*Asks:* 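Pasting a structure here, questions to come.
Source: prediction; values computed, not measured.
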Amino acid sequence: MSTSLAKDTSLDTGWEYSLGDSPFDSNGVPVWTQQDSSAQWRPIDFPADPPSLGAFENVWFRITLPDVSLRDPVFFASSIDLLAEAYLDGERIYKHGQFNQDGSGEFAGWPWHMIVLPEDFAGKTLYFRVFSDYHNIGFWGEVKLSERIDILSQVVSESSQGILVAGITLFIALMAAVFAIFRGQRRQFLSVCFFSLAAAGLVLGDIPVMKLVWDKPLLWNYVGAYAYFLLPIPMFMLLAEWLSKAHLEVRHFQWLWKFHLMFLVAAGMGSLFGVVSISQLYPIFDGIFIVTLLLLIASVLFVFNRVRLEQKILILAYFGFCAVMMLDMFVAHGWVSWSSVPVSSGALLFAVAIIGLSFNHYLFTQRRLAKLNISLESEVNERTEQLTVMAEKEKLRSESLLFQQQKLEIAGDIVLALETCHTLEQGLDKIGNSIAELCLPYSGVFSVVNSDNWQDIQCWGRNVEMPTSPSVAVIEQAIFDQKQGLFPFKIVNKQGVVSYVALLQVKVTEESRCYPADQFMPLLERAVDKINMTLANLALREELQRFSYEDVLTKLKNRRFFTEVLEYEIASSERNQEPLSLLICDIDHFKKFNDTYGHPAGDEALKTMAALLNRFFRQADIVCRLGGEEFVILMPRAKGGDCLQRAEQLRLAVENTKIEYEGAFLESLTISIGIASWPELSVDPQRLFQEADLALYEAKNSGRNCIRMARLN
């Protein structure tokens, strides 16, 4: 069957949504992305602002991808409010922002999104996990499938006008700054400079291609936001300056720009200290700006016929720019349908008007510059050689800083990757996969410790052989310094005990001579220190996880572990139609034993009992301590007869075992055992525990030191 050929395929229909956030299974896969999930999916015309959202801040969207022919397929979205993760086949293939454990997170910007898809995407379901505490949630603008090159071409094409406008407004800001320095009308030209800078920042923060220049969407949103918040201040200052020349009352303009200045300062302080985020500031500013803009328009229209032609042109340019900005507000708040608002065109209109104003002062500025050139020419010639030398030094310094920045980013990525690991072994694998990139162009060797030996040696770079690493004992006694090129990865627990888990050996080769070792080695040492701290936290988490499932006294698994594994084994036995047996053991008259010999002796008896249980049962059997003197053994794929035989051997062994405590042998103990087996002795595997417990109760009532099996009802 042939598939249709298409460059762009709109995905405005076929969506479904589910309110809330999906739980994750033990492998970290969202349950809602699985076929048998319990999510309630409802159809929606477009993946944004579900009608029954209410107080929910999390929504999942999904769509079945159509069958279209694409060589390099990508999913494109103009914007998502606010954080998002994309899943395909249960695997996360994209994320924007960082989700916390409760499914929320901090604002990470409003970029466009391009998600690379596999070639066999057709017919698969693409899931999106979205969080937003903003007044909108979900997608905004275009949502489509396309070729990667077409999306990149679109981004560049849509950015061309903005880049031109930003360049023009920055040039105007530069010229206005020069005029302010060499002219007497400094307030006017400084206002023009600030307005042009704000307009340039607003346009730069909204140019899609800036994400390709530097993938820091939150940074560009900050640039655009604070440029946006700054715009009214020079706007009102300029109008006050121009209209005052017509002998008009301008005091209300002064308190308007001062009010916006106070908002700008408050917004900056609030976002700096984490009191409020940019996404929360936009609606507040929009409301304030609309009110003050209406006041401005009313005031200007009242005196419009009394000002000069030049001032009228500038006022009309203001109105044009403000109209475009207000339209952009309406689109952003969903008051009108989405469309690409030409904010850069409005800025360009005002830029042209500013150029006209600047041209009136051009001749005068040129005369001043001509005089200055005479005095500066000799000084320029004199400093040219100095600047050449300084430029060369600066080039070397910038290359060194860029190199260090790249390595710090790689180290940061390693730390972030470690934070997602669940075990120390996974963490060391993550380090091994990225350590060569951190060390290049230096050659090196990375070794992982196993007992008292180093294994899994990884080697990179030229002329580097796989060396024989020193023993762990030698490493523990060594004093490390940067000249050695030896960097241990170690874990220090709360008691100060150091455990060495890996070793990095770095060697200077011909390729690395352009990056001085005296600069690189301290940087690498700091990176290893950060990784070591993260490894210590990972080891602590792993240890705490182990303790949460382990009984401290007997080292057996505890009731919590048994409860979780019982559900799993029951489901597995039903699915595979394999038998499952359960034994509950209880030490007879254990309270009397404790009263006679004391609780420390009782603890020794419990540990002896645990050792017997571990010895008598298979490796596949699961032995747990339920609490007190009660133990449970879960035996997958074991029938009731096999369990009875093993239980009788255990009962005799316990009866014949003397408890040794403080050099003396105490009296022997006996146990009572209850057995339940599915499907041999039980029709419902979910009642195995209750039926084994009833069998144990019967054994107790039958005189103890015996075994009873559950009866098939």
Side-chain angles (χ1 to χ4, degrees), residues 1-15 44-48 61-81 83-89 91-97 108-128 130 138-167 203-221 224 328 331-332 337-345 348:
M1 174 181 279
S2 61
T3 57
S4 60
L5 298 176
K7 285 191 174 181
D8 289 332
T9 302
S10 177
L11 299 178
D12 291 340
T13 59
W15 289 87
I44 189 170
D45 293 334
F46 188 79
F61 297 100
R62 72 177 184 181
I63 186 171
T64 300
L65 298 175
D67 186 5
V68 294
S69 178
L70 296 171
R71 289 188 298 272
D72 190 6
V74 295
F75 176 97
F76 174 79
S78 298
S79 182
I80 302 177
D81 288 322
L83 308 182
E85 289 180 343
Y87 290 86
L88 191 68
D89 292 334
E91 179 183 356
R92 188 179 70 190
I93 62 172
Y94 181 79
K95 74 170 183 175
H96 170 59
W110 277 308
W112 51 272
H113 305 269
M114 183 174 68
I115 304 173
V116 179
L117 299 174
E119 292 181 358
D120 59 342
F121 68 90
K124 294 185 177 181
T125 302
L126 185 61
Y127 294 83
F128 287 91
V130 181
F139 291 76
W140 194 249
E142 284 187 288
V143 181
K144 63 183 181 180
L145 291 178
S146 184
E147 297 280 357
R148 188 203 304 253
I149 187 65
D150 293 337
I151 294 300
L152 295 177
S153 299
Q154 175 185 333
V155 168
V156 174
S157 175
E158 293 176 351
S159 304
S160 57
Q161 183 179 359
I163 293 173
L164 176 63
V165 172
V203 175
L204 284 174
D206 200 40
I207 296 176
V209 80
M210 299 310 293
K211 181 180 178 181
L212 300 178
V213 175
W214 194 9
D215 191 11
K216 298 289 184 182
L218 188 58
L219 170 65
W220 296 117
N221 282 135
D328 190 53
V331 172
S337 300
W338 181 89
S339 63
S340 181
V341 180
V343 177
S344 58
S345 299
L348 181 60

*Asks:* How far does CG of Leu65 sit from CG of Leu11, to the nearest 0.5 angstrom?
*Replies:*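 If we round to the nearest 0.5 Å, Leu65:CG and Leu11:CG are 7.0 Å apart.
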
*Asks:* How long is the gap from CD on Glu142 to OG on Ser78, to the nearest 0.5 Å?
*Replies:*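 Here the interatomic distance stands at 5.0 Å.
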
*Asks:* Using the test side chain to side chain donor-acceptor pair (under 3.5 Å), find all partners of Trp110 that sit at least two apart in sequence or belong to another chain.
*Replies:*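 If we apply the side chain to side chain donor-acceptor pair (under 3.5 Å) test to Trp110, skipping adjacent residues, the hits are Asp81.
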
*Asks:* Search all heavy atoms of Gly109 against all heavy atoms of Leu218 and return the closest pair with its distance.
*Replies:*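 It is N-CD1, 3.7 Å.
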
*Asks:* Checking Phe139 now: which residues fulfil ring-ring contact (aromatic ring centres under 6.0 Å, His included) with it, not counting sequence neighbours?
*Replies:*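 Phe139: ring-ring contact (aromatic ring centres under 6.0 Å, His included) contacts with Trp15, Phe128.
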
*Asks:* Where the side chain of Trp220 meets the backbone of Met210, is there a donor-acceptor pair that is under 3.5 Å apart?
*Replies:*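 Yes.
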
*Asks:* Going by the rule side chain to side chain donor-acceptor pair (under 3.5 Å), which residues pair with His96 if we only count those two or more places apart in sequence or in a different chain?
*Replies:*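 In terms of side chain to side chain donor-acceptor pair (under 3.5 Å), with neighbours along the sequence ignored, His96 is linked to no residue.
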
*Asks:* Residues in side chain to side chain donor-acceptor pair (under 3.5 Å) with Asp150, at least two apart?
*Replies:*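 Asp150 satisfies side chain to side chain donor-acceptor pair (under 3.5 Å) with no other residue.
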
*Asks:* How long is the span from the CG atom in Asp206 to the OG atom in Ser159, to the nearest 0.5 Å?
*Replies:*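 OG of Ser159 is found 9.0 Å from CG of Asp206.
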
*Asks:* Could you tell me whether Glu85 and Lys95 have a side-chain N and a carboxylate O separated by less than 4.0 Å?
*Replies:*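 Between Lys95 and Glu85 there is no salt bridge, as every charged N stays at least 4.0 Å from the carboxylate O atoms.
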
*Asks:* Applying the side-chain contact (heavy atoms from CB on, under 4.5 Å) criterion to Leu145, which one of Leu126, Ile151, Leu117, Val74 satisfies it?
*Replies:*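 With Leu145 as partner, side-chain contact (heavy atoms from CB on, under 4.5 Å) holds for just one option, Leu117.
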
*Asks:* List in chain and number order the residues that pass ring-ring contact (aromatic ring centres under 6.0 Å, His included) with Phe76, two or more places apart in sequence or in another chain; answer none if no residue qualifies.
*Replies:*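 Listed in chain order: nothing, the list is empty.
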
*Asks:* With side chain to side chain contact (heavy atoms under 4.5 Å, CB included) as the test, would you mind laying out the steps for Trp140 and Ile80 before giving the verdict?
*Replies:* CA-CA 6 Å; Trp140 194 249; Ile80 302 177; over 6 Å; no

*Asks:* State, yes or no, whether a side-chain contact exists between Leu70 and Ser146 at a heavy-atom distance under 4.5 Å.
*Replies:*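 Result no, sub-4.5 Å side-chain heavy-atom pair not found.
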
*Asks:* Looking at side-chain heavy atoms only, is the closest gap between Ile163 and Ile207 below 4.5 Å?
*Replies:*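 Yes - at least one pair of side-chain heavy atoms lies under 4.5 Å apart.
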
*Asks:* Would you indicate whether the side-chain heavy atoms of Thr13 and Phe46 approach each other to under 4.5 Å?
*Replies:*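 In short, these two side chains do not touch, never coming nearer than 4.5 Å.
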
*Asks:* Atom CD1 in Ile93, atom CZ in Phe75: separation rounded to 0.5 Å?
*Replies:*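 It is 9.5 Å, given to the nearest 0.5 Å.
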
*Asks:* Would you say that His113 contacts Tyr94 through its side chain, given a criterion of any heavy-atom pair below 4.5 Å between the two side chains?
*Replies:*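 His113 reaches Tyr94 side chain to side chain.
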
*Asks:* Tell me, please, which residues at least two apart from Ile149 pass side-chain contact (heavy atoms from CB on, under 4.5 Å).
*Replies:*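 side-chain contact (heavy atoms from CB on, under 4.5 Å) list for Ile149, sorted by chain: Glu147, Ser153.
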
*Asks:* Who pairs with Leu212 by side-chain contact (heavy atoms from CB on, under 4.5 Å), at least two apart in sequence or on another chain?
*Replies:*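 Only Trp112, Leu152, Val155, Val209 meet the side-chain contact (heavy atoms from CB on, under 4.5 Å) criterion with Leu212.
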
*Asks:* Can you tell me how far apart CD1 (Ile63) and CD1 (Ile44) are? Round to the nearest 0.5 Å.
*Replies:*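 Separation between the atoms: 11.5 Å.
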
*Asks:* Applying ring-ring contact (aromatic ring centres under 6.0 Å, His included), name anything that partners Tyr87, two or more places apart in sequence or on another chain.
*Replies:*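 So Tyr87 forms a ring-ring contact (aromatic ring centres under 6.0 Å, His included) with Trp60.
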
*Asks:* Please list all pairs passing the side-chain hydrogen bond (donor to acceptor under 3.5 Å, both in side chains) test where one or both residues lie in residues 207-217, with sequence neighbours left out.
*Replies:*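 Checked against side-chain hydrogen bond (donor to acceptor under 3.5 Å, both in side chains) - neighbours excluded - no pair reaches residues 207-217.
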
*Asks:* Which pair of non-hydrogen atoms, one from Val130 and one from Gly138, has the smallest distance, and what is that distance?
*Replies:*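 Result for this residue pair: CG1-N, 3.9 Å.
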
*Asks:* If a pair satisfies side-chain hydrogen bond (donor to acceptor under 3.5 Å, both in side chains) and one of its residues is in residues 114-125, list it, with sequence neighbours excluded.
*Replies:*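 Qualifying pairs, neighbours excluded: Asp89-Lys124, Asp120-Lys124.
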
*Asks:* Going by side-chain contact (heavy atoms from CB on, under 4.5 Å), name the residues that satisfy it together with Leu83, two or more places apart in sequence or in a different chain.
*Replies:*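 If we apply the side-chain contact (heavy atoms from CB on, under 4.5 Å) test to Leu83, skipping adjacent residues, the hits are Phe99, Ala108, Phe131.
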
*Asks:* If the condition is side chain to side chain donor-acceptor pair (under 3.5 Å), which residues does Ser157 pass it with, not counting sequence neighbours?
*Replies:*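 Counting only residues at least two positions away or on another chain, Ser157 forms no side chain to side chain donor-acceptor pair (under 3.5 Å).
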
